S.K.: 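Can you keep this structure in mind? I'll have questions shortly.
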Amino acid sequence: MKQLSKKALCLLSTAVLFCGASAIPASAAETAEPTTAAFTQITREKDILKEFELAKENDTANELEFEKAFKGNELKPIVTTTTAPVKEIVTLQTLPSDEFRPQKTGLTGLRPRRTTTTTTTTTTTTTTTQKATTTTEPKCNLSYTLNLKSSVISGSSGVCMWVMKKSDCVIPANATVKYQWYNGNTAISGATSSEYTTYAAGSFWCKITVTYKNGTNTITKVFNTDKCTVTEKLAIKTQPKGGTLTNSSPSYTLSVTAKGGTTPYKYEWIKSGTVVGRNQTYKATSGGIYRCRITDSNGNVVTSMSATVTDNILKISKQPQDAHIYTKGASCTLSVAATGGKAPYKYKWLRNGADISKTTSSITVTDYGNYRCEITDALGNKVTSNTATVYYEYLRIDGQLLRAWVYSYSKPAELYATPKGGTAPYRYQWTHDGYIMPNTTATIKVTEPGSYYLTVYDAKNAKVTSQEIVVIQKILRFTTQPKSYKSDEYGDSATLSVGVTGGTGTTSYEWQKYSGGQWVTVGYRPTLKVNRSDAHEYYTRDSDVYLHDGHGYYNPIHYYTQYRCVVKTLSYYGDVEAEIISNTVTVRDEQKSEYLNFQWAFW
């Protein structure tokens, strides 16, 4: 054997001795801090391995050359069969110096420290040829996996992953192993060792390429590990920020952003312990402290920091309240207060909708009614208070009729005055033009014109008298009646007429004459023209014939016709409000006696 080969063997033996010296069970190893001696040993191991690799590169001889030292220079295949037990040294996963290597901190999935030597007894047959070296391929399924299936990044700590063989297969001694780490389908630049530490979420796996010689053939096998899913711990990425509500912006939108965990997320906005919204954003319309509770699909929960929404909308903070006045002439106080907006404030009080020229936050009033206040801030924002009612509690007339009209005796006017306050029950006393009436109720019906009053007494004998109630009589009646006409009182025609007053609405006239046993309409004006011939509806005669001076005569005929006028007042809708009928008059036409020529005869 050449001197160089001996050096290589020596170096290899030295390395084995180093490994053997440290190959003690992991359970027996002591946990100690790194020392100067430990780092010196690490340096020595590296130097030995470098020299060994250099010796292998310069040594072009194979195992057959070792046999030539004993067989001469002739190259012959020698078959050596070994039946005695042989110690097989299994490749260690760590160097002995790993016990002294400073460990990384803040990582998940650190490689455990262990040094183990496994010795097995096998029967080995080695065939040596002159021109080639044969390496027997493993008789098992070689495969790899990762130390983690999933992990979570928390804070600044990373996740450490490394490749492990899943079987007991021994990689051939002349094999080279290359590693490439991936996140999803993207190769990670520079990640070409058996370990990889990530500080970001992703789906990580490693591709392992194993290359070795089998005779003159180069064998390459590629293995993909299963994936390790790394997620970030569920956390708030963007915290909600507080804001201010104003009259121009009466709502404020809160928002939050989460990261990590497993999507989709569920959101719960919480105010004073109550869930008020379930979206990523929430539109707040009232002031308060808000937080958002976020739950991922795995049930992990995180809660945001609090966000304060300030309510600066101009609003009434103190409403005016109802008040009561128990004594006539007394007063009460109404007050109002506002918050928000921008001071100073301006006040405007109204009673029953009308401005009463009071401009302070607190006012004194003596009149009953409905009061409210309009408040305007320096920015022009306006708000109106609720309505406050001031009540009179003393005995008084709360409402009454002041004037009434009578248009028909069949439709009298109804008078009333309503008492309020004091102590019930009440007693009533009416007067007409100063005279006490027998009526004792709160309302009466009258047709007579004049001045009316109602006096009310309560149970404590307190009294109050209404204002004057004036009744105006507007009953429909005739001012002019038609008159009758004799034959010698008119010429060819007679004129009948009527005059009326009172009533309400439209006045209509209807002249009628009596004919055939009934009244028949003959005109629609206040006057009616009657011709002599129109007066011949009926007649009378004293006797048919009478004698005078030996001559015979017909008695005169008395013709006549009767007339009347019906007057009505009509409403806007044509209904009859009132109706009166005039006197019945007669228009006559008397004929003179006629001469009758006859001769007496005696029998």
Side-chain angles (χ1 to χ4, degrees), residues 404-414 445-449 471-548 552-597:
W405 289 264
V406 178
Y407 296 102
S408 171
Y409 287 110
S410 63
K411 295 182 179 180
E414 185 172 354
K445 293 181 178 181
V446 299
T447 58
E448 293 299 319
V471 175
I472 301 171
Q473 194 178 68
K474 296 281 286 186
I475 295 176
L476 181 64
R477 62 187 181 277
F478 287 102
T479 57
T480 302
Q481 291 281 358
K483 73 174 184 175
S484 297
Y485 284 89
K486 294 180 181 181
S487 178
D488 59 353
E489 292 178 340
Y490 66 97
D492 292 333
S493 63
T495 300
L496 304 178
S497 63
V498 294
V500 297
T501 186
T504 181
T506 303
T507 304
S508 70
Y509 301 87
E510 181 183 356
W511 285 97
Q512 301 171 341
K513 75 174 182 178
Y514 194 74
S515 176
Q518 61 182 357
W519 289 101
V520 179
T521 301
V522 293
Y524 296 98
R525 295 183 179 182
T527 61
L528 178 68
K529 183 178 179 180
V530 180
N531 296 321
R532 281 190 178 275
S533 59
D534 295 330
H536 292 187
E537 193 69 36
Y538 295 93
Y539 72 91
T540 62
R541 177 179 283 180
D542 297 336
S543 62
D544 291 336
V545 180
Y546 70 93
L547 297 175
H548 180 69
Y553 296 90
Y554 286 110
N555 279 322
I557 300 174
H558 307 288
Y559 291 102
Y560 67 94
T561 302
Q562 292 180 318
Y563 292 89
R564 71 178 185 181
C565 185
V566 178
V567 181
K568 300 176 183 178
T569 54
L570 306 175
S571 70
Y572 175 82
Y573 299 100
D575 299 325
V576 177
E577 295 287 344
E579 177 181 316
I580 55 176
I581 302 174
S582 71
N583 298 333
T584 300
V585 296
T586 302
V587 178
R588 297 177 181 276
D589 181 23
E590 297 181 358
Q591 298 293 325
K592 295 180 179 180
S593 300
E594 296 180 11
Y595 173 75
L596 180 61
N597 187 15

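Keep in mind the model is a prediction, meaning the values are calculated, not measured.
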S.K.: Quick one: are Phe478 and Asn583 in side-chain contact, heavy atoms under 4.5 Å?
M.R.: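 Sidechains of Asn583 and Phe478: no contact.
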S.K.: Is the shortest distance from a Lys or Arg side-chain nitrogen in Glu577 or Lys568 to a carboxylate oxygen in the other one below 4.0 Å?
M.R.: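 So Glu577 does not pair with Lys568 through a salt bridge.
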S.K.: What residue pairs, at least two apart or across chains, pass side chain to side chain donor-acceptor pair (under 3.5 Å) with a residue in residues 489-502?
M.R.: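 For residues 489-502, and leaving out neighbouring residues, there are no side chain to side chain donor-acceptor pair (under 3.5 Å) pairs at all.
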S.K.: What are the two closest heavy atoms between Trp511 and Pro482, and how far apart are they?
M.R.: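 Smallest heavy-atom distance, with atoms named: CH2-CB, 3.8 Å.
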S.K.: Run the side-chain contact (heavy atoms from CB on, under 4.5 Å) test on Tyr539 and His558 for me, step by step, so that the C-alpha distance in whole Å, both residues' side-chain angles and the decisive distance to 0.1 Å come before the verdict.
M.R.: CA-CA 5 Å; Tyr539 72 91; His558 307 288; 5.8 Å; no
S.K.: Rounded to the nearest 0.5 Å, how far does NZ of Lys513 lie from OG1 of Thr584?
M.R.: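 If we round to the nearest 0.5 Å, Thr584:OG1 and Lys513:NZ are 15.0 Å apart.
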S.K.: Within 45° of the axis and under 6.0 Å from the centre of the six-membered ring of Trp519, does NZ or CZ of Arg564 qualify?
M.R.: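 Yes, a cation-pi geometry holds between Arg564 and Trp519.
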S.K.: Give, for atom CD of Glu579 and atom CD of Glu510, the distance between the pair rounded to the nearest 0.5 Å.
M.R.: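 Those atoms lie 8.5 Å apart.
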S.K.: Do you know the tightest heavy-atom contact between Thr561 and His536?
M.R.: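 For Thr561 and His536, the tightest heavy-atom pair comes out as OG1-N, 3.6 Å.
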S.K.: Which heavy atom of Pro449 sits nearest a heavy atom of Gln473, and at what distance?
M.R.: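 In terms of heavy atoms, the two residues are closest at CD-NE2, 3.6 Å.
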S.K.: Are any non-hydrogen side-chain atoms of Arg525 and Tyr509 less than 4.5 angstrom apart?
M.R.: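 Not touching, per the 4.5 Å side-chain cut-off.
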S.K.: Side chains of Lys474 and Thr504: does their closest heavy-atom pair fall under 4.5 Å?
M.R.: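 A side-chain contact under 4.5 Å is absent here.
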S.K.: For a side-chain contact (heavy atoms from CB on, under 4.5 Å) check, start with the C-alpha distance between Thr527 and Leu496, then their side-chain angles and the critical distance, and finish with the verdict.
M.R.: CA-CA 5 Å; Thr527 61; Leu496 304 178; over 6 Å; no
S.K.: Any chance you could lay out the side-chain contact (heavy atoms from CB on, under 4.5 Å) test for Val587 and Tyr563, step after step, and finish with the verdict?
M.R.: CA-CA 8 Å; Val587 178; Tyr563 292 89; 4.0 Å; yes
S.K.: For the OG atom of Ser487 and the OH atom of Tyr559, what is their distance to the nearest 0.5 Å?
M.R.: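 Answer rounded to 0.5 Å: 11.5 Å.
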S.K.: Kindly determine whether Val406 and Val471 satisfy side-chain contact (heavy atoms from CB on, under 4.5 Å), including the steps that lead there.
M.R.: CA-CA 7 Å; Val406 178; Val471 175; 3.8 Å; yes
S.K.: Answer whether the closest heavy-atom distance between the side chains of Ile580 and Val567 falls below 4.5 Å.
M.R.: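 Yes, close enough: below the 4.5 Å cut-off.
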S.K.: Write down the atom of Ser582, the atom of Val498, and the distance for their closest heavy-atom approach.
M.R.: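 What the structure gives for the nearest pair is CB-CG1, 4.2 Å.
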S.K.: Let me confirm one number: the OH-OG distance from Tyr560 to Ser484, rounded to the nearest 0.5 Å.
M.R.: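 Answer for the OH-OG pair, Tyr560 versus Ser484, is 12.5 Å.
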S.K.: Determine the minimum heavy-atom distance between Ser408 and Ser410, stating which atoms define it.
M.R.: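 Looking at all heavy atoms of both residues, the shortest contact is OG-OG, 2.7 Å.
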S.K.: Calculate, to the nearest 0.5 Å, the distance between atoms OH and CZ belonging to Tyr409 and Arg477 respectively.
M.R.: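 Interatomic distance, Tyr409 OH to Arg477 CZ, rounded to 0.5 Å: 7.0 Å.
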S.K.: Working to the nearest 0.5 angstrom, can you tell me the gap between Leu476 CG and Tyr407 OH?
M.R.: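 Answer rounded to 0.5 Å: 12.0 Å.
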S.K.: Can you give me the closest heavy-atom contact between Val446 and Pro412, atom names plus distance?
M.R.: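 Minimum heavy-atom contact is O-CB, 3.3 Å.
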